[in-house]
Student: 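Encoded as structure tokens, here's the structure I'll be asking about.
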Amino acid sequence: MLHRAFFLPPALEVAPLLLGTYCTVSSEEGAVTIRITETEAYHGLGTAGVRDEGAHAKNGKTARNASMFGPPGHAYVYFTYGMHYAINFVTSPEGVASGCLIRSGEVVSGHALARHRRILKRGGNAQHDIPDVQLARGPGNLAAALGVERATHDGRDLLTAPFALEPGSPPKHIAQGPRVGVSGIAGGPAFPWRFWEHGAASVSAFRPGKNVPRT
DNA sequence: TTATCGATTCTCT
DNA sequence: GAGAATCGATAAA
């Protein structure tokens, strides 16, 4: 089990350290465990020396991002694009909005439940099977595979049930680059705050945001 | 293989 | 009312 102090440094420091960590989410249906292979750091209001225009908390605390300002080692779950949830690990002390988006992972146990949830979400269409490496590929898919939703998981402590975190096997090579789907300068090379395990098949495809500078 | 676009609803301005 | 830390299907090359 990870210690709470692990989540005290700013997200930019914690994000690469999360790679390889095992994350389990339990429910009445069962448990699904993933090994984290891709993360992104976001620094909201209160992080010293940084103004991250790509963070939900860039303009301060709102009803949506309130849990980002909460204690470290808790979950920030948000709903986006009308159909997807995504999960962040809150880092940094209370009052400082810093967090790591968990973008992708490889399912290590609970494959059947994860696949069931994914198929259910796409409307029960099981005609096209989902390969294991794609079960938790991308933040929306990852949240679906783990059964994470805002109503039941937002603001919850990551160190107690239904969550469980175990130190895992860190990647041999960590790659770093611009964040996915973030618009403006914050989505460009000036903010290489996305970290992933080099060569991992479970890492999501890169999608640039709008109005992102090339150089 | 790569690029574009529709789905669907919540949040903040 | 606009845009969103996305996904997957479909079109184009």
Side-chain angles (χ1 to χ4, degrees), chain A residues 10-12 14-16 18 36-45 47 50-69 75-92 97-105 107 114-115 117-131 133-155 176-196 201-212 214:
Chain A
L12 193 53
V14 176
L18 281 172
I36 297 171
T37 56
E38 183 183 5
T39 61
E40 280 178 2
Y42 288 88
H43 283 184
L45 209 64
T47 310
V50 192
R51 174 149 182 84
D52 181 6
E53 288 291 337
H56 286 164
K58 63 182 175 183
N59 290 328
K61 196 172 181 176
T62 66
R64 181 202 203 189
N65 64 31
S67 48
M68 278 270 267
F69 290 81
Y76 163 49
V77 180
Y78 67 91
F79 184 74
T80 191
Y81 287 102
M83 59 188 85
H84 301 298
Y85 291 101
I87 182 169
N88 289 248
F89 290 0
V90 176
T91 73
S92 72
S98 191
C100 297
L101 170 67
I102 311 302
R103 285 197 58 88
S104 301
V107 177
R115 182 171 282 106
R117 285 168 170 159
R118 288 288 313 282
I119 292 174
L120 210 63
K121 185 170 180 179
R122 65 160 64 158
N125 178 10
Q127 289 187 342
H128 302 286
D129 192 27
I130 305 172
V133 296
Q134 291 184 19
L135 286 175
R137 182 179 176 180
N141 291 334
L142 182 145
L146 291 177
V148 168
E149 295 182 359
R150 180 172 170 84
T152 48
H153 295 86
D154 184 51
Q176 183 176 1
R179 294 173 294 185
V180 175
V182 176
S183 59
I185 293 176
F191 290 80
W193 291 1
R194 173 181 178 232
F195 303 87
W196 66 96
S202 57
V203 172
S204 62
F206 178 75
R207 282 184 172 84
K210 294 177 181 175
N211 305 316
V212 175
R214 293 185 181 179

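Predicted model, so just to flag it, every value in this text is computed and none were measured.
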Student: Going by heavy atoms in the side chains, are A/I87 and A/L142 under 4.5 Å from each other?
Tutor: yes

Student: Are the side chains of A/E40 and A/W193 in touch, meaning some heavy atoms are under 4.5 Å apart?
Tutor: no

Student: Given the structure, check if the side chain of A/Y78 and the base of C/dA5 hold any donor-acceptor pair shorter than 3.5 Å.
Tutor: yes

Student: Return whichever of A/G82 or A/T62 has its heavy-atom-nearest nucleotide of DNA chain B closer to the 5' end.
Tutor: A/G82

Student: Less than 6.0 angstrom separating the ring centers of A/H56 and A/Y78, yes or no?
Tutor: yes

Student: Nearest-Å distance, CE (A/M83) to C1' (C/dA4)?
Tutor: 11 Å

Student: Using the P atom as the point on both nucleotides, what is the distance between B/dA3 and C/dA5, in whole Å?
Tutor: 22 Å

Student: Rounded to whole angstroms, how far apart are CZ on A/R122 and P on B/dT8?
Tutor: 16 Å

Student: Would you call A/D52 and A/R179 a salt bridge, using N to O less than 4.0 angstrom?
Tutor: yes

Student: So what does A/N141 hit on the nucleic acid, given a heavy-atom distance under 4.0 Å: a base, only sugar-phosphate, or nothing?
Tutor: sugar-phosphate

Student: Specify the separation, in whole Å, of atom OH of A/Y76 and atom P of B/dT11.
Tutor: 10 Å

Student: Mind calculating the distance between CD1 (A/I130) and P (C/dG8) to the nearest angstrom?
Tutor: 7 Å

Student: Taking the six-membered ring of A/F195 as reference, does the cationic atom of A/R103 (NZ for Lys, CZ for Arg) lie under 6.0 Å from its centre and within 45° of its axis?
Tutor: no

Student: Using heavy atoms to find the nearest nucleotide of DNA chain C for A/A86 and A/R207 separately, return the residue whose nucleotide is more 5′.
Tutor: A/A86

Student: Over how many whole Å does the gap from A/L12 atom CG to C/dA5 atom C1' extend?
Tutor: 16 Å

Student: Is there a Watson-Crick or G-U wobble partner for C/dA4 with both distances under 3.5 Å, and which nucleotide is it?
Tutor: B/dT9

Student: Ignoring hydrogens and geometry beyond distance, is the side chain of A/R64 in donor-acceptor contact with the base of C/dG3 at under 3.5 Å?
Tutor: no

Student: Measuring from the side chain of A/H56 (C-beta onward, heavy atoms only), which nucleotide among C/dA5, C/dG8, B/dC12 has the closest atom?
Tutor: C/dA5

Student: Within the pair A/N65 and B/dT11, is there a side-chain N or O less than 4.0 Å away from OP1 or OP2?
Tutor: no

Student: Would one find a side-chain N or O of A/S183 under 4.0 angstrom from OP1 or OP2 of C/dA4?
Tutor: yes

Student: Rounded to whole angstroms, how far apart are CZ on A/R118 and C1' on C/dC7?
Tutor: 9 Å

Student: Base, sugar-phosphate, or nothing for A/G181, non-hydrogen atoms under 4.0 angstrom?
Tutor: sugar-phosphate

Student: In terms of side-chain heavy atoms of A/V180, which of C/dA5, C/dT6, C/dG8 is nearest?
Tutor: C/dT6

Student: Please work out if A/R103 contacts a base, only the sugar-phosphate, or nothing of the nucleic acid, heavy-atom cut-off 4.0 Å.
Tutor: sugar-phosphate

Student: Can you tell me the distance, in whole Å, between the CZ atom of A/F79 and the C1' atom of B/dT11?
Tutor: 11 Å

Student: What integer distance in Å separates A/L142:CG from C/dC7:C1'?
Tutor: 14 Å

Student: Under the 5.5 Å and 30° test, is A/Y42 stacked on the base of C/dA5?
Tutor: yes

Student: So does A/I185 have more than 12 non-hydrogen atoms from other groups sitting under 6.0 Å from CD1?
Tutor: no

